[in-house]
Amino acid sequence: MNKLLFLLILIFFVGVEAKATNETGQEIIWRVEPDTCLVADNIDQCLIGINITLLVNNNDYCVFLDDMKQACFLDKDQFLSLSIQLRKNQTLNLRNTNGDILAQHQLQFSRLSSINFSKRARLPWSFF
Amino acid sequence: MVKVIGFIIICLQMIAFAAYAETIVCTKGKDCPQDKAWDIGLAIGLGMRTNPLVDGDTIPLIVLPDIVYSNKHIYFDNGELGWRAYSNETNKLSVFVSPNKESANFSFWHSANIFTPITNVGSGPVDNPDVDEGSAELPDNVSVNDIAKRKWAVDLGLRWQWQYKRAYLNLAWMNDISGVYKGSHFELATSFKSTIQDWTILISPYVKWHSDKLSNYYYSIRKAELVEQGYQYSAAGGWQYGIQTSLSKTIGKHWNLLILAGTLRLHDGMQKSPLVETNTINFGFVGAAYRF
């Protein structure tokens with residue numbers, strides 16, 4: 001009886017095990033953060049420190065910025081820190097040893113600007 | 001004049017307050033207002049604007065558009081078509097043409113009455129070739145229905161805008177180029193924009209000056225009108241002051257909750273006109289605004 005109860009509990013936990021997925025239903029296998037760098041309006045590039053966490057056990061993977069290799073997961077590490085210089089939006093790719101892209105994450109290059117309200121000559125909602 | 005000085009003190013206080021305000025930033029190419037050439041909005045709701053004229057209808061406000069186009073030199077902003085002659089980070093100098101809104105009180109179906117939350121209305125007797133001196137004593141009230149039609153006019157103007165953080169000064173001089181009222185008017189407005197939690201608040205006190213000719217064209221009683229009764233009145237120009245406020249809160253990607261309110265105190269020359277029965281024009285609007 002105890003064995004049967006144990007088996008049922010085991011089946012229950014196996015059954016409810018769920019893997020994190022993104023909005024398209026694909027399994028999320030890594031986490032990239034932060035993914036946005038903000039610079040002042042007159043700055044052309046930024047240096048962003050990125051932490052990458054691998055969420056699967058297979059760590060025979062490398063990280064590419066577009067097509068340029070940045071770093072690989074070593075041994076059983078599931079964590080990488082990178083410093084990346086951005087001048088525009090670029091994509092981080094996670095590839096396996098065959099070069100297949102397993103996951104992608106876009107890094108955003110954004111400029112901050114002062115909101116120029118004085119673009120308006122008249123008050124909003126004052127037609128005619 | 002005391003009122004004008006009071007207004008200037010309010011402006012200086014707002015600018016001093018703005019000096020401590022943080023700069024509001026946006027992400028370039030994503031959510032900055034200056035990124036887009038066109039900025040079009042439509043608000044639907046319920047509101048009204050009072051009409052100061054005797055027998056003048058209170059004007060319902062149902063639909064309010066907000067239409068802006070802007071490039072480096074040319075702009076269109078809610079009926080005003082302008083050319084920016086000079087522009088830098090803090091100053092803008094523009095030449096523009098725009099319809100004069102003074103006739104809106106006299107004709108219900110004027111476009112300003114469909115869309116606009118406020119209309120300018122323009123003291124003491126002045127020389128008026130159309131008015132015969134020494135006629136019969138004026139009645140207290142003369143209905144807007146008993147006088148000749150007041151035409152709409154087109155103004156040519158010069159505008160200077162100055163920005164300091166989130167405080168704005170806006171100075172404009174306008175002159176009739178359509179030969180209707182053959183006068184001019186002037187406006188000094190200041191605006192301060194702030195955000196409190198999800199609400200964006202814009203407060204804009206202003207003063208306006210109307211020339212004798214402008215006030216006289218719209219608010220005098222000419223000898224051709226009511227001549228059989230011998231009524232006449234000649235309205236002189238003067239200063240008037242008011243405040244406009246708007247509150248908006250984002251309720252969706254394109255939708256905002258919009259609340260507008262304002263009041264305008266008419267100058268003495270208008271207040272004394274038999275055509276005018278109230279001293280102020282008030283307006284209010286509550287609705288939902290959609291930004292395209």
Side-chain angles (χ1 to χ4, degrees), chain A residues 21-25 30-52 65-68 82-93 103-128, chain B residues 23-35 39 41 43 64-68 70 75-80 82 84 89-90 92 94 96 98-99 101 104 110-119 159 161-163 165-166 168 170 172 189 191 193 202 204 244 246 248 258 260 285 289:
Chain A
T21 57
N22 62 18
E23 58 270 17
T24 59
W30 68 344
R31 185 188 303 132
V32 180
E33 55 191 1
D35 59 8
T36 302
C37 78
L38 295 172
V39 296
D41 204 0
N42 57 344
I43 305 294
D44 291 328
Q45 61 182 18
C46 76
L47 187 65
I48 180 171
I50 298 170
N51 296 321
I52 301 171
L65 181 65
D66 292 333
D67 293 322
M68 189 173 292
L82 298 176
S83 287
I84 291 178
Q85 207 158 45
L86 290 179
R87 287 177 175 269
K88 59 181 181 181
N89 294 343
Q90 286 189 270
T91 303
L92 273 183
N93 297 309
Q104 293 185 305
H105 197 105
Q106 191 174 57
L107 302 178
Q108 299 277 346
F109 177 80
S110 299
R111 294 177 194 276
L112 285 180
S113 181
S114 299
I115 289 184
N116 186 5
F117 297 112
S118 67
K119 165 190 173 183
R120 300 295 299 258
R122 302 174 73 153
L123 289 175
W125 310 106
S126 59
F127 207 92
F128 288 99
Chain B
T23 302
I24 301 176
V25 296
C26 52
T27 307
K28 201 171 184 181
K30 192 176 178 185
D31 57 1
C32 293
Q34 56 266 36
D35 291 334
D39 188 1
L64 301 178
D66 189 35
I67 302 172
V68 186
S70 181
Y75 71 88
F76 176 85
D77 191 340
N78 282 339
E80 177 176 314
R84 287 201 180 93
E89 286 292 311
T90 53
K92 288 181 175 62
S94 315
F96 64 90
S98 67
K101 295 190 283 186
H110 189 287
S111 52
N113 291 341
I114 301 170
F115 297 122
T116 306
I118 195 161
T119 297
R159 184 183 297 281
Q161 294 171 267
W162 177 74
Q163 176 179 359
K165 292 193 174 179
R166 279 187 277 168
Y168 311 91
N170 198 328
S191 307
K193 196 163 189 171
L202 180 70
S204 181
Q244 296 189 58
S246 74
S248 64
L258 180 67
L260 304 171
F285 177 84

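Note on naming: letters A, B, ... go to the chains in the order of the sequence lines (proteins, then strands), and numbering restarts at 1 for each one. Only a predicted model underlies this, so the values are computations on that prediction, with no experimental measurement involved.
- Exactly one residue among B/D66, B/N78, B/L202 makes a side-chain contact (heavy atoms from CB on, under 4.5 Å) with A/W125. That residue is B/D66.
- With rounding to the nearest 0.5 Å, the separation of OG in A/S126 from NZ in B/K101 is 6.0 Å.
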Evaluation steps, side chain to side chain contact (heavy atoms under 4.5 Å, CB included), between B/S191 and A/L123: CA-CA 9 Å; B/S191 307; A/L123 289 175; 3.8 Å; yes
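- Proximity to chain A is absent for every atom of B/S94, based on heavy atoms less than 4.5 angstrom apart.
- Salt bridge B/D77/A/R122: absent, no basic N to carboxylate O contact under 4.0 Å.
- Heavy-atom distances place no part of B/S246 under 4.5 Å from chain A, backbone and side chain included.
- In plain terms, the two heavy atoms of B/R159 and A/A121 that are nearest each other are NH1-O, 3.5 Å.
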